[in-house]
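Single-structure report; data block below.
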Amino acid sequence: MADLKIGDRSLALDEDGFLEDAEEWDEEVANAIAATEEVDLTEEHWAIIRYLRGYYDEFQVAPMVRKMLKDTGKSQAEIYELFPSGPGKGACKIAGLPKPTGCV
Amino acid sequence: MTEYKTPMMDELEKGPWPSFVTELREAAKGSAMAEDLIGQMEKSYEEKKGLWKHGGIVGVKGYGSGVIGRYSDLPEEFPNVREFHTMRVNQPGGWFYNTETLKKICDIWEEKGSGLFNFHGATGDIILLGTTTAELQPTFDLLSEQGFDLGGSGSALRTPSSCVGPARCEWACFDTLDLCYDLTMAFQDYMHRPAWPYKFKIKISGCPNDCVAAIARSDLSIIGTWKGPIQVRQEAVKEYAASWSIDRYVTNTCPTKAFYYDDEKKEVRIDNANCVRCMNCINKMPKALKPGKERGASLLIGGKATILRSAFMSWVIVPFMKMEPPYTELKDLIGKIWDWWDENAKSRERIGELIYRKGMPEFLRATGLPAVPQMVRQPRANPYVFWDQDDLEK
Ligand code: SF4
Ligand code: SF4
């Protein structure tokens with residue numbers, strides 16, 4: 001996929017639009033990836049994103065969907081409302097987590 | 001368009017059988033994707049390795065499953081299969097189509113994808129092979145206008161599938177098509193929005209002939225069966241006797257020796273208590289025999305191919321359940337099974353493997369099912385006899 005251009009930064013994305021280098025993530029990057037997913041980030045989105053990043057920092061993997069729903073108190077339907085591509089391709093991508101391998 | 005030299009693929013066109021290579025070449029006349037697929041496959045055979053990248057995540061809005069992302073490892077060499085995603089489309093019950101519907105699917109796929117497909121994949125779905133990320137959503141929209149929806153993939157409920165059942169087959173012990181449709185509709189979210197440790201497959205066969213191989217290929221196998229005696233029409237037995245050796249073809253091949261044939265009277269008698277409902281006699285003498293009158297299904301759990309543990313055949317958890325709409329008892333049980341599995345399984349652990357790890361007693365307690373003799377897989381070797389802490393304290 002084409003690189004993501006933010007101001008004078010240019011970030012490498014893989015074919016699915018995930019960040020190649022998770023270290024490059026910041027809030028500006030999240031907004032830019034969200035735009036490719038046609039999502040406008042609200043405080044509700046940010047709550048999920050912060051949760052995912054916190055979990056990832058602690059465990060170095062994305063949480064399983066069940067865990068994520070339990071911890072955030074959201075239903076599966078609410079997650080899809082916020083991130084139409086779902087928890088993996090939507091939420092994790094915007095949160096700058098490495099591509100899930102079958103968990104989400 | 002490049003014409004690839006393909007000595008190895010050519011081999012697969014030799015011999016009297018139909019060949020997918022021939023079909024690929026046919027498709028390649030109008031599709032650059034199919035052409036590059038041929039090129040990449042030949043290279044793959046030469047190098048003896050797959051040339052697809054591992055795991056892509058693509059999809060359509062609102063769905064977490066139904067599309068399998070695939071990218072070529074050699075996009076410079078084979079640019080037309082740089083993106084070659086697969087879409088799984090939920091098949092109609094019993095795989096019945098009219099030609100108009102088939103033509104529409106073909107038209108959509110020729111316009112939006114490689115034009116290559118597979119009717120049907122192991123899950124039962126229509127498999128549309130090869131399109132780009134940009135075409136996924138438009139293809140989905142067109143399919144949905146035609147009344148089609150995506151099937152399951154990933155860690156989700158996979159598209160339930162059933163045999164043709166009563167639509168064509170006199171042995172169906174319940175309406176397999178109706179049950180399959182009902183479960184598919186009831187469990188849409190589980191199919192389209194993966195939320196589990198791993199996949200879960202439901203397959204439905206109308207009788208023990210098990211034409212969809214549910215016992216070997218599904219986590220929950222629903223297989224038609226009956227209670228009470230096999231129905232016998234003695235006049236028809238006499239017709240068979242006139243032209244054919246009933247003893248040779250049926251009596252001697254009954255696995256439990258429950259089938260008796262009286263050559264004097266030209267009559268059949270069945271020791272129904274010892275019949276294991278293998279269908280052998282019914283298959284051989286369809287005009288004379290049919291399943292008993294009280295019909296339903298057996299439920300079996302745990303079938304799967306080798307992943308964490310070896311391949312399993314599913315085993316009985318409910319010997320007999322009536323299969324009538326709205327299937328409440330079945331759905332309640334499925335819900336309990338999923339809850340327990342979802343709560344306890346490790347990532348990538350199928351229900352059968354979880355039961356092996358945790359033990360059948362825990363599964364039975366969680367689902368509220370009674371332990372019954374039909375659960376014994378090998379008599380005397382494996383008699384689920386178990387004691388609770390409570391029993392010991394008594
Ligand atoms: S499984 Fe039984 S009911 Fe279904 S098609 Fe086969 S023979 Fe008929
Ligand atoms: S169904 Fe099978 S086990 Fe039963 S009587 Fe016929 S051949 Fe024997």
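Naming convention: chains lettered A, B, ... in sequence-line order (proteins, then strands); numbering from 1 in each chain.
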More than 12 foreign heavy atoms under 6.0 Å from [atom1] of [X]: is that the case here?
{"X": "A:D57", "atom1": "CG", "value": "yes"}
{"X": "B:Q188", "atom1": "CD", "value": "yes"}
{"X": "A:E81", "atom1": "CD", "value": "no"}
{"X": "B:Y327", "atom1": "OH", "value": "yes"}
{"X": "A:Y51", "atom1": "OH", "value": "yes"}

If I compare all heavy atoms of [X] with all of [Y], which pair ends up nearest, and what's the gap?
{"X": "B:S347", "Y": "A:M64", "result": "CB-SD, 3.9 Å"}
{"X": "B:V58", "Y": "A:D16", "result": "CG1-OD1, 3.5 Å"}
{"X": "A:Y80", "Y": "B:H192", "result": "OH-O, 4.1 Å"}
{"X": "A:R66", "Y": "B:D342", "result": "NH1-OD2, 2.7 Å"}
{"X": "A:Q76", "Y": "B:R193", "result": "NE2-O, 2.7 Å"}

With B:D219 via salt bridge (Lys or Arg N to Asp or Glu O under 4.0 Å) - residues at least two apart: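 Applying salt bridge (Lys or Arg N to Asp or Glu O under 4.0 Å) to B:D219 gives B:R350.
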
Top contributor to chain A interface from B:K53, B:K61, B:R82, B:E343 [non-hydrogen pairs under 4.5 Å]: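 Option with the top pair count is B:E343.
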
Region of A:K70 in contact with chain B, defined by heavy-atom distances below 4.5 Å: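 Interface part for A:K70: side chain.
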
Chain A contact via B:Y63 - side chain, backbone, both or neither, heavy atoms under 4.5 Å: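 Backbone only.
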
